[in-house]
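In this text the structure is predicted, and so the values were computed from the model without any measurement. Throughout, residue positions are numbered sequentially from 1 according to the sequence presented.
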Amino acid sequence: MRLRWLTWDVTDTLIRVRRSVGEQYCSEARSLGLQLEPESVERAFRLAYQSQHRRFPNYGLSQGLSSREWWQDVVRETFSLCGVRGVPALQPLAERLYRGFSGSNNWEVFPDAERALEQCGRLGLRMGVVSNFDQRLEQVLESCGLRRHFDFVVTSESAGAAKPDGRIFREALRLSGLAEPGLAAHVGDDYWNDYRAARQQGMQSYLLQRRGAEWGVPPEHRLSSLEELPALLS
């Protein structure tokens, strides 16, 4: 069955953070005169993020939060876990970090991504994004020079559902206009959220494994680099 559409995951598939979150948080904190260790801040961020995600999944949208408020709470809790509490400037710091992760200053494109997107486009495939991300993703992709490749961008915030929930894929299929899900394939780096979740909706899928983990995925569905994808599709 010849493919007509490709959908893409974004984070750790097409782009990645330029520096660790701990390093970037520490860089901003120094403007307040706060001297913290990036490794400690990184650990605190992971704890704060995981706790926030458990309490308020998908940016707390169904519980009355906005994604901006969700992330600002993560920032405040991260610094609180590092012993920084009651500092009035934390709120503007949280806002600066939120804005900072809206563009290419804090994100970089993987070396194999641009060429793979160009080649897939030359194969006649139309493309979209399906990503567990917030409303900033359009701006991030534009800033990184990737937005032009995609007909649509579906985020977990815009869809009201996060991968592996099938609703986010069904929204992408609706936007593609396809009546047959098997005419679309999804590319991503997460077995549960990308590879398996797309197949449960009747799509084809490919698992990007930059670090080599296999998850029992057939070899013809595995990619060690995005450079391998155009040849597989053609």
Side-chain angles (χ1 to χ4, degrees), residues 9-110 130-141 143-144 155-165 168 188-194 197 208 210-211 213:
D9 172 54
V10 174
T11 306
D12 293 329
T13 296
L14 297 174
I15 64 174
R16 61 188 170 192
V17 292
R18 288 189 179 276
R19 297 178 293 161
S20 74
V21 172
E23 289 173 320
Q24 297 191 65
Y25 276 37
C26 283
S27 178
E28 287 290 345
R30 281 194 290 273
S31 68
L32 300 180
L34 298 172
Q35 299 297 325
L36 300 168
E37 292 296 325
E39 295 81 7
S40 299
V41 176
E42 182 77 25
R43 288 193 296 271
F45 167 78
R46 293 184 183 280
L47 289 172
Y49 177 89
Q50 290 164 4
S51 174
Q52 185 81 333
H53 180 70
R54 284 193 300 270
R55 293 170 60 215
F56 304 105
N58 198 25
Y59 309 114
L61 300 178
S62 64
Q63 294 145 292
L65 289 179
S66 68
S67 57
R68 186 186 227 101
E69 292 168 329
W70 193 94
W71 277 113
Q72 290 176 348
D73 286 347
V74 170
V75 171
R76 285 190 292 268
E77 180 61 16
T78 297
F79 285 109
S80 176
L81 290 170
C82 293
V84 180
R85 303 180 183 91
V87 178
L90 274 183
Q91 180 57 36
L93 174 62
E95 178 63 20
R96 285 205 303 276
L97 283 165
Y98 179 84
R99 292 180 180 177
F101 279 92
S102 299
S104 58
N105 285 341
N106 285 344
W107 296 97
E108 65 180 356
V109 179
F110 278 103
V130 178
S131 177
N132 286 352
F133 213 105
D134 58 60
Q135 62 184 355
R136 295 173 293 177
L137 186 54
E138 290 265 7
Q139 186 177 344
V140 170
L141 291 171
S143 180
C144 291
T155 66
S156 55
E157 181 168 10
S158 66
K163 296 181 295 184
D165 191 312
I168 191 170
D189 71 312
D190 188 285
Y191 174 80
W192 298 102
N193 288 343
D194 295 308
L208 177 63
R210 296 187 189 277
R211 298 180 182 87

S.K.: Do the ring planes of Trp107 and Phe133 sit parallel (below 30°), tilted (30 to 60°) or perpendicular (above 60°)?
M.R.: tilted
S.K.: Please evaluate residues Ser67 and Tyr98 with respect to the criterion side-chain contact (heavy atoms from CB on, under 4.5 Å), reporting the C-alpha separation (whole Å), side-chain torsions for both, the decisive distance (0.1 Å), and the verdict.
M.R.: CA-CA 10 Å; Ser67 57; Tyr98 179 84; 4.0 Å; yes
S.K.: Measuring only between side-chain heavy atoms, which start at C-beta, is Leu65 closer than 4.5 Å to Tyr59?
M.R.: no
S.K.: Is there side-chain contact between Arg136 and Trp71, with heavy atoms separated by less than 4.5 Å?
M.R.: yes
S.K.: Between Lys163 and Asp190, is a side-chain contact (heavy atoms from CB on, under 4.5 Å) present by the stated rule, with each step listed?
M.R.: CA-CA 10 Å; Lys163 296 181 295 184; Asp190 188 285; over 6 Å; no
S.K.: Name the orientation class of the two ring planes belonging to Tyr49 and His53 (parallel below 30°, tilted from 30 to 60°, perpendicular beyond 60°).
M.R.: parallel
S.K.: Would you check if Glu42 and Val21 make a side-chain contact, meaning some heavy-atom pair closer than 4.5 Å?
M.R.: yes
S.K.: Do Ser102 side-chain atoms and Arg99 backbone N/O form a donor-acceptor pair below 3.5 Å?
M.R.: yes
S.K.: Assess whether salt bridge (charged side-chain N to carboxylate O under 4.0 Å, His left out) is satisfied between Arg43 and Glu39, documenting all intermediate values.
M.R.: CA-CA 6 Å; Arg43 288 193 296 271; Glu39 295 81 7; over 6 Å; no
S.K.: Are any non-hydrogen side-chain atoms of Gln63 and Pro57 less than 4.5 angstrom apart?
M.R.: yes
S.K.: Report yes or no: does Glu69 contribute a side-chain atom to a donor-acceptor pair with the main-chain N or O of Ser66 at less than 3.5 Å?
M.R.: yes
S.K.: Apply the test salt bridge (charged side-chain N to carboxylate O under 4.0 Å, His left out) to residues Arg68 and Glu95: give CA-CA distance (whole Å), side-chain angles for both, the deciding distance (0.1 Å), then the verdict.
M.R.: CA-CA 8 Å; Arg68 186 186 227 101; Glu95 178 63 20; 2.7 Å; yes
S.K.: Is the shortest heavy-atom distance from the side chain of Asp189 to the side chain of Asp194 under 4.5 Å?
M.R.: yes
S.K.: Show the numbers, then the answer: is there a side-chain contact (heavy atoms from CB on, under 4.5 Å) between Ser51 and Arg55?
M.R.: CA-CA 6 Å; Ser51 174; Arg55 293 170 60 215; 3.9 Å; yes
S.K.: Determine whether Val17 and Phe101 make a side-chain contact, defined as any pair of heavy atoms from C-beta on separated by less than 4.5 Å.
M.R.: yes
S.K.: Given side-chain contact (heavy atoms from CB on, under 4.5 Å), test Phe79 with Leu36 step by step and report yes or no.
M.R.: CA-CA 9 Å; Phe79 285 109; Leu36 300 168; 3.7 Å; yes
S.K.: For the residue pair Thr155 and Val10, establish whether any side-chain heavy-atom pair is separated by less than 4.5 Å.
M.R.: no
